[in-house]
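Okay, so here's the structure we're looking at.
Side-chain atoms are counted along with the backbone in the values below, which use heavy atoms only and exclude waters and symmetry mates. Just so you know, these numbers come straight off a predicted model, no measurement behind them. Chain letters run A, B, ... following the sequence lines, proteins first and then strands; every chain starts at 1.
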There are 2 protein chains.
Amino acid sequence: MQALAQPRRREILQLIRNNELSAGDIAAHFEITRPAISQHIKVLKDSNLVHERRDGTRRMYRARPEGLSDLRKFLEMFWDYRLQLLKDEVESSGQSQNSPTEGLTEE
Amino acid sequence: MQALAQPRRREILQLIRNNELSAGDIAAHFEITRPAISQHIKVLKDSNLVHERRDGTRRMYRARPEGLSDLRKFLEMFWDYRLQLLKDEVESSGQSQNSPTEGLTEE
DNA sequence: CACTTACGTAAGAATATGCTTACATATAGT
DNA sequence: ACTATATGTAAGCATATTCTTACGTAAGTG
């Protein structure tokens, strides 16, 4: 969660969401220096949010969606944002009015 | 997102997830001083994560689940973890993920 | 073995964050 | 109006974070 707090790291994740990019390619998209990017990648790697593959002298990175499961669980546990609705419907096929209308109807 | 980066703020959110508590009640659950709590609440309020209701000299706070929609959108946009979500949570029966949850389905 | 390329790591500076104490404000009761 | 209660705000300190420059390391090329 702390890893995603920094906007720069979210941008990096966007970049390697679908494409697998080298560290240099990633750095080329930003104004900051390559070492700074390396440090951000390290944080993301330690949080299991990116996967590293070595290819010669290069290191290829790609986002790891599974790494977001903690974030997902946080949302599920503390605010059952519409998920509870789905769960109730499938499992009990009935009561799905936990508190869905009290705060979730916006936008 | 930045607001949720701080563990203390997540704890506060847990506390007022279901109960509506006054600022003092919230502060009583932690070791840190009341002003520190006030500052955390301010951050949460600015991020639309809590709702404030004034009651005499007290201010009652409660979590605002819909304030997490940005976080949800982040997850949906950058990794459509919805498939994984459905897989994990609804793996047993036939997926009826079409009608009831407008946010969890294809858009 | 040099030498280059691609990258990470170390050390430190600049800034942001989280906390404290002291003070301000707002409402209720006497 | 005065006092008490509940709470936010200001100023400042201590620590954490993010960046920079300088250096180290590992793999490919002549």
Residue pair B:Met1 / A:Pro7, side-chain heavy-atom distance below 4.5 Å
no

Given that A:Gln6 and B:Ile37 both sit by DNA chain D, which one's nearest nucleotide is further toward the 5' end?
B:Ile37

Please determine whether a side-chain nitrogen or oxygen atom of A:Gln2 lies at a distance below 4.0 Å from atom OP1 or OP2 of D:dT17.
yes

Distance, rounded to the nearest Å, where B:Arg34 contributes CZ and C:dA24 contributes P:
18 Å

Interatomic distance where CG belongs to A:Leu21 and P belongs to C:dC7 [whole Å]:
11 Å

May I ask you to verify if any side-chain N or O of B:His40 is less than 4.0 angstrom from the OP1 or OP2 atom of C:dC19?
yes

Could you tell me the separation between the CE atom of B:Met60 and the P atom of D:dG8, rounded to a whole number of Å?
12 Å

Closest non-hydrogen atom pair, B:Arg8 against B:Ile32
NH2-CG2, 3.7 Å

Measure from the side-chain N and O atoms of A:Arg10 to the backbone N and O of A:Ala5, and report whether any donor-acceptor pair falls under 3.5 Å.
yes

Figure out the CD1/P separation between A:Ile12 and C:dC7, and round it to whole Å.
13 Å

So does A:Thr33 get a side-chain nitrogen or oxygen closer than 4.0 Å to the phosphate oxygens (OP1/OP2) of D:dT20?
yes

Does OP1 or OP2 of D:dG8 have a side-chain N or O of B:Ser38 closer than 4.0 Å?
yes

Do the side-chain N or O atoms of B:Arg8 get closer than 4.0 angstrom to the phosphate oxygens (OP1, OP2) of C:dT17?
no

Under 4.0 angstrom between A:Arg9 side-chain N/O and D:dT18 OP1 or OP2:
yes

Closest-nucleotide ordering on DNA chain D, the 5'-leading residue of A:Arg59 and B:Tyr61:
B:Tyr61

Rounded off to whole Å, could you give me the CZ-to-C1' distance for the B:Arg10 and C:dG18 pair?
15 Å

Report yes if at least one side-chain N or O of B:Arg54 is closer than 4.0 Å to OP1 or OP2 of D:dA6; otherwise report no.
no

Take atom CD1 of A:Ile41 and atom P of C:dT9, then tell me their distance rounded to the nearest Å.
11 Å

Are the side chain of B:Arg9 and the backbone N or O of B:Ala3 linked by a donor-acceptor pair below 3.5 Å?
yes

Answer yes or no: side-chain N or O of A:Gln39 and base N or O of D:dT20 forming a donor-acceptor pair under 3.5 Å.
yes

What is the separation between atom NZ on A:Lys42 and atom P on C:dA10, rounded to the nearest whole Å?
8 Å

Pair B:Tyr61-B:Leu15, side chain to side chain contact (heavy atoms under 4.5 Å, CB included): steps then yes or no:
CA-CA 10 Å; B:Tyr61 293 103; B:Leu15 220 52; over 6 Å; no

How would you label the contact of B:Ala23 with the nucleic acid (heavy atoms, under 4.0 Å): base, sugar-phosphate, or nothing?
sugar-phosphate

Once you round it to whole Å, what is the distance between C1' of C:dG8 and CG of A:Leu44?
15 Å

